[in-house]
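To find a chain, count down the sequence lines: A is the first, B the second, and so on, and within it residues start at 1.
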Amino acid sequence: IIIFNALIDMLCTLERIDDALKMIEEMKASKCPPDVVTYNSVLTGLCRLKQMAEASEFIKIMSANGCNPNVVTYNIFVDGLCKAENLDDAMVVFQDMAQNGCHPDVKTYTSLIDGLSDARRVDDAKSLLQEMAQRSCYPNIITYNSFLKGLCKVGKLDEAEGFFEVITSNKCHPDAVSYNTLFLALCENERYSAAVDVCERMVEKGFAPRALTFRDLVDKLCKVGKLDEAQKLLALGARVPNVEF
RNA sequence: GCUCUAUAGCGC
């Protein structure tokens, strides 16, 4: 079964869903019937192809075949709906899954928070974050990073900066993704001084941006006449291996 | 305990 599942997963990653379905038929006929992992791989493939109607149908098919969806199944489907920008359906599935004995976990919430963030629905994302705490389902750094992305997207950069405090006060450690998200948003919004400050923290933490990013930023600082900031950055870059100007 | 699900940018 493990070998079969690995094969099916490979076929689905290669987007060869129909071949995967054929193999499932063979499995049914063999001593080695498909299990929930098998079906979940196919579901992932359908979601990646954004075939959400088919994905929804497929969940019914697996149940009809005596294989009940588990929490991974729902997570795949919710994430697919979010990525297909169908947040309303994603929320409905999220509400319903508990009735089928599958309780949302940190990945379910993270997918939703990420989808809401991409859709700039930061207030809704924040409600979910609060709901997680109430349900003792604790956000991890990936959850926080998704929310951080939302704050950045809607231009709430001060709140985004302040959110780092929230993360650490919840015993999580901002990582390279966190800093990079904030850093790029500050650059995009031409808040270069703040960007340099973040850059400094990144270097301290060993999350230095790439050389090209450094050069671009120095270039922009020169253009807007912030020569002192540019110099600060050059000094910073000199301390980082693999960065040359 | 081996197979399935979530975040930035970059490269291929």
Side-chain angles (χ1 to χ4, degrees), chain A residues 1-13 17 20 23-24 27 32-48 55 58-59 62 67-84 87 90 93-94 97 102-119 125 128-129 132 137-153 157 160 163-164 167 172-188 195 198-199 202 207-217 242-243:
Chain A
I1 182 75
I2 290 171
I3 311 257
F4 271 115
N5 284 348
L7 276 171
I8 298 240
D9 190 55
M10 229 188 84
L11 287 172
C12 293
T13 304
I17 309 288
M23 188 171 282
I24 286 185
M27 288 172 78
C32 203
D35 65 4
V36 64
V37 175
T38 324
Y39 288 111
N40 285 345
S41 290
V42 176
L43 188 64
T44 303
L46 289 171
C47 288
R48 277 190 45 191
F58 190 75
I59 294 178
M62 63 188 272
C67 181
N68 288 323
N70 63 12
V71 62
V72 176
T73 314
Y74 285 108
N75 286 348
I76 294 166
F77 191 47
V78 166
D79 188 59
L81 288 168
C82 288
K83 293 210 158 64
L87 289 162
V93 176
F94 164 72
M97 59 190 279
C102 294
H103 294 275
D105 64 10
V106 59
K107 291 186 186 184
T108 328
Y109 278 103
T110 301
S111 289
L112 285 165
I113 288 170
D114 187 60
L116 291 167
S117 290
D118 282 342
L128 281 183
L129 261 187
M132 288 179 79
C137 174
Y138 297 104
N140 59 27
I141 190 59
I142 301 183
T143 320
Y144 289 127
N145 285 344
S146 293
F147 182 66
L148 187 68
K149 175 172 65 171
L151 290 175
C152 289
K153 272 203 171 185
L157 298 183
F163 192 63
F164 278 66
I167 297 175
C172 254
H173 301 285
D175 63 7
V177 174
S178 329
Y179 283 102
N180 200 31
T181 304
L182 177 62
F183 173 73
L184 292 175
L186 289 168
C187 290
E188 252 177 49
V198 172
C199 196
M202 291 170 81
F207 301 144
R210 310 176 315 121
L212 189 65
T213 315
F214 264 104
R215 269 196 292 269
D216 283 350
L217 188 53
N242 303 323
V243 174

Going by the rule side-chain contact (heavy atoms from CB on, under 4.5 Å), which residues pair with A:Thr44 if we only count those two or more places apart in sequence or in a different chain? A:Ile76
Sorted by first residue and then second, give each salt bridge (Lys or Arg N to Asp or Glu O under 4.0 Å) pair with at least one member in residues 71-81 of chain A; sequence neighbours left out. A:Asp79-A:Lys83
Suppose we screen for ring pair (Phe, Tyr, Trp, His ring centres under 6.0 Å). Which residues come up paired with A:Phe214, at least two apart in sequence or across chains? none
Return each pair, listed once, that meets salt bridge (Lys or Arg N to Asp or Glu O under 4.0 Å) where at least one residue sits in residues 1-11 of chain A; pairs must be two or more places apart or across chains. none
Take nucleotides 1-8 of chain B nucleotide by nucleotide from the 5' end and write B, S or -, depending on whether a protein heavy atom sits under 4.0 Å from the base, only from the sugar-phosphate, or from neither. -BBBBBBB
Hits for ring pair (Phe, Tyr, Trp, His ring centres under 6.0 Å) against A:Tyr144, two or more places apart or cross-chain, chain-then-number order -> A:Phe163
For A:Val37, what residues pass the side-chain contact (heavy atoms from CB on, under 4.5 Å) criterion, not counting sequence neighbours? A:Asn5, A:Asp35
Can you name the residues that form a ring pair (Phe, Tyr, Trp, His ring centres under 6.0 Å) with A:Tyr74, not counting sequence neighbours? none
Find every protein N or O atom lying less than 3.5 Å from an N or O atom of nucleotides 10-12 of chain B, and list the pairs.
residue, atom, partner, partner atom, Å
B:C10, O2', A:Arg210, NH1, 3.2

